[in-house]
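See structure below.
We name chains A, B, ... by the order of the sequence lines, and we start the count at 1 in each one.
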Amino acid sequence: MKINFDEGLCKISDLEEFDPRDIFTCGQAFRWYEEEDGSFTFVTHGIVANAKKVGDEIILKGVDEKSFEEIFYDYFDLSRDYKLVMEELAQDEVMKDATDYGKGIRILNQDKFETIISFIISANNQIPRIQKAIEKISEMYGDYLGEDENRKYYAFPSAQQLALAKPEDLREFARVGFRDKRIVEASKLIASGEVDIEKISEMDLEDARKELQTLPGVGPKVADCILLFAFDRKESFPVDVWIKRVMEELYLKEVTPKSKIASRGREVFGKNAGFANQYLFYYGRENKLGK
DNA sequence: ACCCAGGGATGTG
DNA sequence: CACATCCATGGG
């Protein structure tokens with residue numbers, strides 16, 4: 001991998017395992033927009049940026065040397081060798097197909113509070129509607145970041161900001177339904193320090209999962225998503241309806257309870273369970289497996 | 001009209 | 001412990 005800064009752009013070369021389309025549309029992140037030129041504009045950590053693959057080069061706009069070092073190197077998980085991850089995983093035909101299909105995926109290290117709220121919203125919901133709700137919440141409660149010819153941009157609100165939201169407003173304008181109170185209550189618990197995100201980062205996996213589940217709206221599946229997408233616990237294996245379908249159809253060959261699928265996933269894929277999960281989710285959902 | 005979506009909370013056995 | 005039901009909302 002080579003990094004190069006010039007003309008206000010950050011260019012990454014010698015890195016095959018990085019495709020903005022795979023990274024943003026694979027289901028892990030919600031705050032992105034596909035532009036007409038095929039690039040992806042995204043908002044994270046209070047910064048608006050744009051990623052485009054041109055030939056075998058990645059071009060990042062809105063990323064300077066400072067923010068690259070402080071945020072985006074970690075955000076894009078650039079210290080990890082995804083070629084190695086895929087090699088370790090692709091021991092069977094299913095994972096071979098799945099990693100080949102999603103070979104440009106990287107699992108982002110996203111903002112922790114934003115990920116917690118985003119996946120509270122995800123419960124029994126659909127990805128396009130989750131995206132709309134999060135965008136609206138950012139517009140209503142987050143800091144204004146600027147605009148371009150396409151849209152205005154807002155940071156995702158802090159726990160302190162979102163703790164002041166009214167459930168009825170979240171319901172009426174962000175259309176979050178029954179998740180309204182959960183969002184505000186979870187924000188309050190985090191804003192007050194009663195649930196300490198930094199402490200959770202230091203805990204071992206099971207304690208962290210338990211602590212996250214003390215938040216309203218966070219159960220086993222949502223906790224696993226939060227751990228995987230924001231707390232760098234790549235061995236997590238969240239089981240939603242798609243993973244359930246894929247695992248039953250391709251590995252287990254019979255209908256199986258979600259809790260058993262989770263333990264089976266961790267058992268089969270081990271330290272790479274989170275990567276396997278994301279490749280399978282992307283592969284299964286995009287190809288409408290089992291539907 | 002009915003079913004489903006990156007499920008969780010609550011109540012029951 | 002394992003299940004069953006309810007929870008808003010909008011699209012198929």
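Here A:Tyr282 lies out of heavy-atom contact (under 4.0 Å) with every strand. A:Pro216 comes within 4.0 angstrom of the backbone, heavy atoms only, and of no base.
OP1 or OP2 of B:dC4 has not a single side-chain nitrogen or oxygen of A:Arg245 nearer than 4.0 Å. A close approach under 4.0 Å does not occur between any side-chain nitrogen or oxygen of A:Arg129 and OP1 or OP2 of C:dG11. Close to C:dA8, at under 4.0 Å from its OP1 or OP2, lies a side-chain N or O of A:Arg171.
Stacking between A:Phe119 and B:dG6 is absent: the ring centroid is not both under 5.5 Å from the six-membered base ring centre and under 30° in plane angle.
Judged by distance alone, the side chains of A:Tyr153 and A:Asp148 do bring a donor and an acceptor atom under 3.5 Å apart. Judged by distance alone, the side chains of A:Asn125 and A:Ser122 never bring a donor and an acceptor atom under 3.5 Å apart.
Rounded to a whole angstrom, the distance from the P atom of C:dA2 to that of B:dG6 is 26 Å.
In the set C:dA8, B:dG7, B:dA5, B:dA5 carries the atom at the smallest distance from any side-chain atom of A:Gln126.
At distances below 3.5 Å, at least one donor-acceptor pair connects side-chain atoms of A:Asp204 with backbone N or O atoms of A:Asp207.
By the 6.0 Å and 45° rule, A:Lys112 stacks over the aromatic ring of A:Phe231.
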